[in-house]
Amino acid sequence: MAYKGIVKGKVVVLEEGMTLPEDTQVEVVPVQAPRPGSPAALLEVWGSDVPDAVWDTVEKAIDELDCTDREHMRQEPHA
């Protein structure tokens, strides 16, 4: 089972209601929020309950970037 908490000084304070017996050995893995708009951020919400309008916007942006990339490739001379 995983527990969540926050570091205060040199102590990890668990979320309210979570307790562990004294002297329990734990492994602490820092959680870092992905940068907004990064691939990691998109993967974090992939399959989550995101409104259709949001996904429509993401898909539209991907399509536009894809079209721009294809147009750029057509205009560049190939070696």
Side-chain angles (χ1 to χ4, degrees):
M1 173 179 244
Y3 296 89
K4 291 184 179 182
I6 189 164
V7 174
K8 298 284 185 180
K10 293 184 178 185
V11 176
V12 176
V13 178
L14 298 175
E15 289 180 336
E16 192 167 332
M18 296 288 152
T19 59
L20 292 172
E22 190 70 27
D23 297 323
T24 299
Q25 289 188 357
V26 297
E27 180 176 327
V28 178
V29 180
V31 177
Q32 182 177 1
R35 256 182 340 181
S38 69
L42 290 174
L43 288 174
E44 189 173 281
V45 297
W46 198 266
S48 64
D49 192 18
V50 176
D52 288 341
V54 173
W55 281 121
D56 292 345
T57 302
V58 170
E59 289 174 349
K60 182 179 178 187
I62 290 170
D63 288 342
E64 288 174 4
L65 289 170
D66 191 39
C67 289
T68 301
D69 190 43
R70 277 191 250 131
E71 184 63 31
H72 180 71
M73 292 297 290
R74 277 190 227 121
Q75 292 177 0
E76 276 191 7
H78 297 283

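Note that the numbering runs from 1 along the sequence shown for the chain.
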Sequence neighbours excluded, which residues qualify as side chain to side chain contact (heavy atoms under 4.5 Å, CB included) partners of [X]?
X     : value
Lys60 : Glu64
Val31 : none
Val26 : Leu20, Thr24, Val28
Glu16 : none

All salt bridge (charged side-chain N to carboxylate O under 4.0 Å, His left out) counterparts of Asp23, not counting sequence neighbours: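 Once residues adjacent in sequence are excluded, Asp23 has no partner under the salt bridge (charged side-chain N to carboxylate O under 4.0 Å, His left out) criterion.
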Within a strict 4.5 Å, meaning less than it, do heavy atoms of the Val58 and Ile62 side chains meet?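 Result yes, sub-4.5 Å side-chain heavy-atom pair found.
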Would you say Val12 and Met18 are hydrophobically clustered, going by side-chain heavy atoms of ILVMFWY under 4.5 Å?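 Yes, Val12 connects to Met18 through the hydrophobic network.
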Which residues pass the side-chain hydrogen bond (donor to acceptor under 3.5 Å, both in side chains) test with Asp56, sequence neighbours left out? none
